[in-house]
Amino acid sequence: DSGVTQTPKHLITATGQRVTLRCSPRSGDLSVYWYQQSLDQGLQFLIQYYNGEERAKGNILERFSAQQFPDLHSELNLSSLELGDSALYFCASSPRASGSTGELFFGEGSRLTVL
Amino acid sequence: QKEVEQDPGPLSVPEGAIVSLNCTYSNSAFQYFMWYRQYSRKGPELLMYTYSSGNKEDGRFTAQVDKSSKYISLFIRDSQPSDSATYLCARGLMEYGNKLVFGAGTILRVKS
């Protein structure tokens with residue numbers, strides 16, 4: 001158990017809808033990362049937050065947004081969903097923002113299916 | 001061209017075999033390299049990391065980095081069925097953020 005909690009584990013929704021994925025980082029970790037994993041694209045970095053502020057941005061679509069709250073949990077909002085958004089969404093956490101060993105602690109993921 | 005290229009496999013080997021997993025990368029700015037292991041229906045977990053060229057050993061696992069050819073490898077000795085998983089190579093930059101770029105992952109199956 002990595003200590004990172006993600007909810008929901010599974011989500012099925014329709015095109016055009018909006019969903020929110022939630023992540024609680026390991027106790028004491030200030031950085032939260034969101035990754036998308038699909039069969040054809042692999043594990044893609046979306047965005048990183050450190051202590052409530054956006055720190056790094058990857059291949060995140062404009063339809064997606066994220067935030068990190070004062071209690072350090074994070075939410076990833078996906079809107080106007082398309083079939084191609086079906087994927088596993090992972091949250092990861094680490095103690096610091098940068099300059100670390102690069103070890104990220106991943107949750108078990110939220111599997112999103114868009115029909 | 002993807003920043004990190006990795007053969008997706010699957011790679012199937014008998015128990016006890018030596019396994020070689022490989023990645024190439026295109027960005028010379030990458031400063032650290034790591035291997036993550038992902039079991040089915042689980043999140044990735046860090047297996048090994050290294051900052052420099054050369055070899056690093058940890059039990060049955062050896063990570064090898066060749067910065068001149070932008071090539072990294074993971075060797076698994078005496079492979080076990082419990083090693084069956086997807087192995088992801090990753091590169092990172094020690095910059096403002098902590099962005100890691102992952103390869104697509106290689107599926108390994110160790111047959112007993």
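So that the names make sense, note that chain A is the first sequence line, chain B the second, and so on, each numbered from 1.
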> Of the backbone (N, CA, C, O) and the side chain (C-beta and beyond), which part of B/Gln6 lies under 4.5 Å from a heavy atom of chain A, both, or neither?
Replying inline: neither
[atom1]/[X]: more than 12 non-hydrogen atoms of other groups inside 6.0 Å:
| X | atom1 | result |
| --- | --- | --- |
| B/Arg60 | CZ | yes |
| A/Leu39 | CG | no |
| A/Arg26 | CZ | yes |
| B/Lys56 | NZ | yes |

>> Quick check: closest heavy atoms across B/Gln38 and A/Phe90, and the distance to 0.1 Å?
In response: NE2-CZ, 3.3 Å
> Taking all non-hydrogen atoms of both residues, which atom of B/Tyr36 and which atom of A/Leu104 are closest, and how far apart?
Replying inline: OH-N, 2.8 Å
> Are B/Ile76 and B/Ile18 connected in the hydrophobic side-chain network, where two residues link if heavy atoms are under 4.5 Å apart?
Replying inline: no
>> Membership question, hydrophobic clusters at under 4.5 Å side-chain separation (ILVMFWY): are B/Phe102 and A/Leu88 in the same one?
In response: yes
> Looking at A/Glu108, A/Gln6, A/Lys57, which makes the most heavy-atom pairs under 4.5 Å with chain B?
Replying inline: A/Glu108
> Is it the side chain or the backbone of A/Gln44 that comes within 4.5 Å of chain B heavy atoms, both, or neither?
Replying inline: neither
> So do the side chains of A/Tyr35 and B/Pro44 get within less than 4.5 Å of each other, counting heavy atoms only?
Replying inline: no
> Say you draw a straight line from CG of B/Leu100 to OG of A/Ser94; how long is it, rounded to the nearest 0.5 Å?
Replying inline: 9.0 Å
